[in-house]
Amino acid sequence: MALNISIKILPSAAKCVTVDMVHNIGDFISELLSLMESSIVDNDKKIHGAALDITKAAPVFLDETTKLCRAYSEATKVDNCTMSITDEDATVKHNKQGLASDVIRITSSTIQTMCRLGTYAASSGGSQVILLNVSWKGVVSLLQSGKGMIEGKVNVREIIVTLLSLSIESLRVAAETWCAPLLETLGATEARRAFLPIKFFLINAVRICSTYPSEAMIIYKNIINCAVVITSSSILFSKKPQLKAANETLVELLEPTLFVLLDTLMKSSDLTPESKCQLAHHFFENEEDKSPDLMGQANQREINLASLDCIFSMDSDVDHRNRALLPAELLVFLHFLNASSWLTEMVVITLSKKLQTLLNILTSEDIYSYVLGFQIPALNGADQSPAVVWQPVYTSIIQALKAFMISTVASSAAWNELEAFLLENIFHPHFLCLEIITELWCFFIRYAETETSINLVNQVSLLLKTVASPEDVLSPLSALRKVARSLCIILSYASSATVDQIYTCVLNGENSSKSSILHLALLMEGFPLDSLSDGTKELAMKKMFTSFAGYLESYSKNHRVINVPTCKLGVVGLPIHALASALQHSANRQWLPLCQLSVT
């Protein structure tokens with residue numbers, strides 16, 4: 001009865017904003033909120049017969065109370081502006097301050113009550129959906145309208161943490177049910193029913209974080225942990241074929257909102273660049289102090305894809321849990337690499353310094369097997385109608401790193417970090433890391449400006465010259481051949497101008513003997529002769545055939561006896577090796593007539 005009467009009174013009270021009215025209505029609402037809360041939470045014990053009526057009236061009462069508080073807040077803000085512009089006597093100012101105090105008291109009390117009711121409704125198993133919606137929407141609405149007034153009375157951080165906790169708990173309940181051994185294939189409809197409340201909690205968290213970014217930044221670790229837990233659940237679902245539809249639904253419904261929650265902090269103009277860097281620096285923080293050998297060998301058996309208990313555990317071994325959640329942390333980190341085009345320069349630089357740690361993590365046995373053997377669902381297509389597609393984790397890593405490479409061009413400091421990263425790892429000992437680095441090199445060479453690509457490739461050429469040795473040129477596993485192999489793969493994607501520059505640099509070195517060794521090493525590893533410009537290609541052919549013909553002539557003069565001491569640099573048959581390698585790796589048939597002519 002009290003709720004129904006109040007529902008009719010509150011709209012009229014919202015229009016009457018006087019000090020006495022606000023003070024009296026505030027006391028009335030506080031009492032009624034307390035009565036309503038205890039009646040709903042304890043209805044089975046106290047007033048079971050009226051439970052249904054209270055359940056129907058409570059959401060309407062909360063909605064009207066929210067409207068009342070918003071009206072009072074707006075009126076108070078107008079009065080505060082008036083006080084700052086006009087001169088009023090002390091009595092009027094005292095009344096205005098009393099009005100603001102009462103409005104803050106009413107609003108904060110309403111927010112706190114609705115938080116508790118919203119939390120209670122979330123644990124009711126779906127029987128209090130209307131109360132859940134009204135409560136949390138009211139909380140968000142009042143926090144938005146009361147910004148600048150209620151911060152001292154309401155713990156905004158605690159409200160955000162509550163929403164994140166509700167999201168994780170709802171996901172935990174669903175995951176435990178679905179991961180049962182005898183569960184049949186789960187349909188998308190049932191999965192959507194379970195994920196919609198989680199999306200609701202996340203959306204409200206996004207709205208509060210966008211209104212109070214400074215408060216949200218203080219609990220950034222909780223926000224990242226929520227993202228990692230949800231992503232870990234997706235990875236867990238990927239291992240179970242019967243949960244394919246659930247996994248796709250999770251990516252479709254939760255992942256965009258989850259990333260918007262993270263992006264809200266990065267896009268906020270109220271946060272300093274240093275604060276945003278702090279968020280980026282948090283990724284892989286526990287792994288940075290460990291050497292690559294330790295991560296890749298000593299601890300590789302300790303890393304396993306997170307189990308259900310590990311994902312949602314709060315009191316297990318922290319280090320073990322952090323390591324088990326690394327695959328999920330990796331995927332969340334990839335989001336920031338993909339989003340680097342709009343991140344601030346300082347954040348991009350911070351992310352570029354994380355790339356080496358990223359490679360180190362990939363050397364762990366379970367991580368690289370996950371990267372190579374797992375497929376994950378991802379949104380692909382237009383923003384209005386994206387579709388869920390399955391792709392290897394390796395593909396996701398490559399795409400994110402390529403997007404990040406493009407973004408670093410705008411910052412000289414970030415590009416310097418990336419350039420050093422590429423050069424330092426061009427001969428990475430781990431096969432997966434080497435494959436990734438080679439892919440990035442090829443992408444860079446394919447699309448970079450000619451001058452930029454030449455400058456960077458020249459540094460690899462300098463490294464090639466430092467390891468040149470006649471003893472190693474015929475050994476496929478030598479340092480010389482490995483460097484030459486990597487350089488040839490990179491140059492296969494380069495422009496003709498870049499290939500010409502490197503070829504000319506090798507042939508015209510100060511030491512002609514060393515140049516011949518480098519020339520042979522490159523040819524044996526498949527130097528892209530067909531990519532040379534016509535003029536340079538003609539000179540290259542003439543040089544090789546001239547050397548070959550000269551070698552044959554010398555061989556004939558010595559009565560078909562190879563004089564080893566007189567062989568250039570002690571490499572027996574160097575011109576033969578060079579020409580044979582060129583013919584083997586060239587797809588251009590114009591070499592064959594010249595070869596036949598030389599033999600003749």
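What's counted below: heavy atoms across the whole structure, side chains too, no hydrogens, waters or symmetry copies.
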Going from [atom1] on [X] to [atom2] on [Y], what distance comes out if it is rounded to the nearest 0.5 angstrom?
| X | Y | atom1 | atom2 | result |
| --- | --- | --- | --- | --- |
| Tyr72 | Met21 | OH | CE | 6.0 Å |
| Leu68 | Cys16 | CG | SG | 11.0 Å |
| Cys115 | Leu143 | SG | CG | 7.0 Å |
| Thr119 | Glu169 | OG1 | CD | 11.5 Å |
| Ser141 | Ile111 | OG | CD1 | 9.0 Å |
| Met266 | Ser275 | CE | OG | 10.5 Å |

In terms of side-chain heavy atoms, does [X] have a donor or acceptor partner in [Y] at a distance below 3.5 Å?
| X | Y | result |
| --- | --- | --- |
| Ser214 | Asp270 | no |
| Glu74 | Ser145 | no |
| Thr162 | Ser165 | no |
| Glu248 | Trp390 | yes |

Checklist entry - Is it true that a side-chain atom of Ser109 and a backbone atom of Arg105 form a donor plus acceptor pair closer than 3.5 Å? => result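 Flag not set: sc Ser109 to bb Arg105 has no pair under 3.5 Å.
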Checklist entry - Does Lys276 use its side chain to pair, donor to acceptor, with the backbone of Ser268 at less than 3.5 Å? => result yes
Checklist entry - Within a strict 4.5 Å, meaning less than it, do heavy atoms of the Lys354 and His281 side chains meet? => result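 Yes, close enough: below the 4.5 Å cut-off.
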Item to check | Heavy-atom side-chain contact between Asn204 and Val139 under 4.5 Å | outcome: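 With C-beta onward as the side chain, the pair stays apart.
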Checklist entry - Going through the checks in order, is the side chain to side chain contact (heavy atoms under 4.5 Å, CB included) test met by Thr211 and Val156? => result CA-CA 10 Å; Thr211 306; Val156 178; over 6 Å; no
To check you understand the geometry: which heavy-atom pair defines the closest contact between [X] and [Y], and what is its length?
| X | Y | result |
| --- | --- | --- |
| Val22 | Ile106 | O-CD1, 3.6 Å |
| Val19 | Asp102 | O-OD2, 4.3 Å |
| Phe284 | Ile361 | CD2-CD1, 3.3 Å |
| Thr257 | Val206 | O-CG2, 4.0 Å |
| Cys179 | Leu236 | SG-CD2, 4.0 Å |

Checklist entry - Centroid-to-centroid, Phe195 to Trp178, below 6.0 Å? => result yes
Item to check | Thr55 vs Gln128, side chain to side chain contact (heavy atoms under 4.5 Å, CB included): CA-CA, chis, key distance, verdict | outcome: CA-CA 8 Å; Thr55 302; Gln128 300 281 359; 3.5 Å; yes
Item to check | Lys/Arg N to Asp/Glu carboxylate O, Glu64 vs Lys8, below 4.0 Å | outcome: no
Checklist entry - Once the angle between the rings of His335 and Phe259 is folded into 0 to 90°, is it parallel (under 30°), tilted (30 to 60°) or perpendicular (over 60°)? => result parallel
